[in-house]
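The block underneath contains the structure these notes are about, expressed in structure tokens.
Owing to the predicted nature of the structure, the values given are computational and were not obtained by experimental measurement.
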Amino acid sequence: MAFRKDFLWGGATAANQFEGGWDEDGKGPNVPDHIRGGTVSTPRTWDYEIDPDVYYPSHQAVDFYHRYKEDIALYGEMGFKCFRLSINWARIFPTGMEEEPNQKGLDFYHNVFAECKKYDIEPLVTMSHYELPWGLSVKYNGWAGRDVIDYFMHYAETIFKEYKDEVKLWLTFNEINCGCSPSGRVLSLGMQGEDGKTWFKDSETDEEASDRFTALHHQFVASAKAVKLAHEKYPDFKMGLMIVANEPYPNTCNPDDVKAAQDTQDLQNWLCGDVQVRGHYPFFAKRYFKEHNITVRMEEGDEEILKEGCVDFYSFSYYSSAVEAKKDTEEAKTAGNIFGSIKNPYLKASDWGWQIDPMGLRIYLNQVYARYEIPVMIVENGLGAVDEIAEDGKIHDVYRIDYLREHIKAMKEAVEDGVDLMGYTMWGCTDLVSASTGEMKKRYGFVYVDRDNDGNGDFHRERKDSFFWYKKVIETNGEDLD
Ligand code: BG6
């Protein structure tokens, strides 16, 4: 058998895209609660004041808050070994700044973990998945404010203590490397956007870039402190980092293109990986910051903290690879997760333009493991597609099965190459709100949810064909992929 006996097969979600119940039982608003829905061609926009007449996708999302028992039972039926979810920080501390946690928020996750236990499903918890409480975003411009580290630590201490017997696997920040690009300012770093405008920025001034990298540095410090705390107090916890994988190929063998691909790889993957796995900024960071007039506001003692808080495993999301070329290239562009890229003529793309590349997953797994030699886990992968209900009332999502099959085959190859792969949680195991577009139409799930882009639908769940396929994959530990 290629995969470990204890391989963590499962699915992944995030509170803001899944739970709904955005203002129930004492929960405060968070940053995504202020972002409207969009489409592939209309960017999502950001409102300082929530408009009661506007539909915000995260407010009801797909109602996991009220349907968690049914959802987790479906995961049990598929044989999940692991369920990745995030704790909604603003459900525990409504503004992020309270001394005492919100008991009803704490209870909700106890209930969720109890359901997981019923089916022998191990929870994998992301502490912060694009869910900064709105109060902290306003008061400190999100992670640009150093005080947010202390609030995060208060949250970390609270949830570690509260769930220490129920949760052993933790990720500190979702896709922390989004902070390496201007597009990560609002969602990933919780910084304030421009009222009524898109949250997806693609350029900034030197000063703004300095604030952004300072905010990212604060996340590094917060992550390291949380890891250190876990290692000291809860030795049975396993603490992971989480990165959006970007495997950049050079557009040609022109050395300038190859260098451009290396620069992208350095900035978008290894900068965050090195800080969190090796405990220090990589050698190339200095020159990058200097050449871009970026000043990262670090404090004395920060270097020590980073050294003391190295993670136990490396996790990542993988949807597509990328192509890089020297500056000012005329090549056609394509969309991708967070980072766009030049079009790769050898690959097909999803309806949202994300290029499908299972081999890229094998390459990335090998690169990561070669560099860090710690266990690796794929905590997001999947196909966002439009699902139609067929005449027989079912959803025959063969395209999704094909996508997943090819990626699992690539994982198998990587394991045979020698990569220590812990598990695989497919993204959006139950249909949920898309992070980039806010749509419901972009579906990933094994389980269909009756909900559309405008908020219509009764939320009822249906098993798709991929549901039964994945059940068999898990039963055979990845041996039967037909
Ligand atoms: C990752 C995020 O970027 O990709 C998820 O961690 C997100 O939150 C997923 O949903 C897929 O992206 P999208 O835009 O298709 O939802």
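Using a 4.5 Å heavy-atom threshold, the side chains of Pro29 and Tyr56 count as separate. Pro375 has its side chain out of reach of Tyr314: every pair of non-hydrogen atoms, C-beta onward, lies at least 4.5 Å apart. Inter-residue side-chain proximity for Ile176 and Leu216 is flagged as met; some heavy-atom pair is nearer than 4.5 Å.
In this structure, the ring of Trp134 has its center less than 6.0 angstrom from the ring center of Tyr48. A distance below 6.0 Å separates the ring centres of Phe173 and Trp143. A ring-centre distance under 6.0 Å is not found for Tyr151 and Trp89. For Tyr319 and Trp427, the gap between ring centers reaches or exceeds 6.0 Å. Within the 6.0 Å centre-distance limit, the rings of Tyr163 and His110 are counted as a close aromatic pair. A distance of 6.0 Å or more separates the ring centres of Phe83 and Tyr119.
Atom CD of Glu100 has 12 or fewer heavy atoms from other residues, nucleotides or ligands within 6.0 Å. By the neighbour-count criterion of 12 heavy atoms within 6.0 Å, atom NZ of Lys168 is densely surrounded, having more than that number from other residues, nucleotides or ligands. Heavy-atom neighbours of Glu207 CD from other residues, nucleotides or ligands within 6.0 Å: at or below the threshold of 12. Atom CE of Met359 is surrounded by 12 or fewer heavy atoms from other residues, nucleotides or ligands within 6.0 Å. Few gaps surround CD on Glu204; more than 12 heavy atoms of other groups in view lie less than 6.0 Å from it.
Panel note: side chain Asn177, backbone Asn269; no donor-acceptor pair is recorded below 3.5 Å. Looking only at distances, no side-chain donor or acceptor of Thr126 sits under 3.5 Å from a matching main-chain atom of Leu171.
For the residue pair Asn16 / Ser58, no side-chain donor-acceptor distance below 3.5 Å is found, with atom types taken as modelled. Of the N and O atoms on the side chains of Asn30 and Asn88, at least one donor lies less than 3.5 Å from an acceptor on the other residue. For Glu324 and Ser341, the side-chain atoms include no donor-acceptor pair closer than 3.5 Å.
Salt-bridge check for Lys104 with Glu24: failed, with every basic side-chain N at 4.0 Å or more from each acidic carboxylate O. Between Glu291 and Arg287 there is a salt bridge, since a side-chain N of the basic residue sits under 4.0 Å from a carboxylate O of the acidic one. A salt bridge links Glu232 with Lys228: at least one charged nitrogen is closer than 4.0 Å to a carboxylate oxygen. Taking 4.0 Å as the cut-off between side-chain N and carboxylate O, Asp420 and Arg4 count as a salt-bridged pair. Between Asp211 and Arg297 there is a salt bridge, with a side-chain nitrogen of the basic residue lying less than 4.0 Å from a carboxylate oxygen of the acidic one. Note on Glu19 versus Lys27: no salt bridge recorded, every NZ/NE/NH1/NH2 to OD/OE distance being 4.0 Å or above. For Lys238 and Asp312, the salt-bridge test fails: no basic side-chain N is under 4.0 Å from an acidic carboxylate O.
Classification of the Trp170-Phe160 ring pair by plane angle, with boundaries at 30° and 60°, yields perpendicular. Between His217 and Phe220, the ring planes are perpendicular. Angles over 60° get that label, and only those under 30° would be called parallel. Below 30°, between 30° and 60°, or above 60°: for Phe289 and Phe213 the angle between ring planes is above 60°, a perpendicular geometry. Classified by interplanar angle (parallel below 30°, tilted 30° to 60°, perpendicular above 60°), the ring pair Tyr318/Phe316 is perpendicular.
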query: So Glu380 and Arg84, salt bridge (Lys or Arg N to Asp or Glu O under 4.0 Å) or not? Walk me through it.
result: CA-CA 9 Å; Glu380 283 187 33; Arg84 175 178 174 227; 3.0 Å; yes

- prompt: Passes side-chain contact (heavy atoms from CB on, under 4.5 Å), Tyr364 versus Val376? Steps please.
  reply: CA-CA 11 Å; Tyr364 187 76; Val376 182; over 6 Å; no

- prompt: When you look at Tyr130 and Glu175, which way does the side-chain hydrogen bond (donor to acceptor under 3.5 Å, both in side chains) test go after all the steps?
  reply: CA-CA 9 Å; Tyr130 302 154; Glu175 297 187 332; 2.4 Å; yes

- request: Would you please test Phe3 and Trp9 for ring pair (Phe, Tyr, Trp, His ring centres under 6.0 Å) and show each step?
  value: CA-CA 10 Å; Phe3 298 110; Trp9 293 103; 5.2 Å; yes

message: Before you tell me yes or no, could you show the steps for Thr430 and Tyr75 under side-chain hydrogen bond (donor to acceptor under 3.5 Å, both in side chains), namely the whole-Å CA-CA distance, both residues' side-chain angles and the distance that decides it to 0.1 Å?
response: CA-CA 9 Å; Thr430 301; Tyr75 305 154; 2.6 Å; yes

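Taking CG from Asn102 and CZ from Phe108, the interatomic distance works out to 12.5 Å, rounded to the nearest 0.5 Å. Rounding to the nearest 0.5 Å gives a distance of 5.0 Å between CD of Gln355 and CG of Leu347. One finds the SG atom of Cys178 at 11.0 Å from the CZ atom of Arg212 (value rounded to the nearest 0.5 Å). How far CG of Asp23 is from NE2 of His59: 8.0 Å, rounded to the nearest 0.5 Å. Between the OG atom in Ser181 and the CZ atom in Phe200 there is a gap of 6.5 Å [rounded to 0.5 Å]. Of the inter-residue distances, the one linking Ile50 atom CD1 with His34 atom NE2 reads 3.5 Å to the nearest 0.5 angstrom.
Closest of all the heavy-atom pairs between Gly179 and Leu189 is CA-CD1, 3.9 Å. Summarising the geometry of Thr172 relative to Ser223, their closest heavy-atom pair is OG1-OG, 2.9 Å, with the distance given to 0.1 Å.
Geometric assessment of Arg91 against the ring of Tyr65 yields a positive cation-pi assignment under the 6.0 Å and 45° thresholds.
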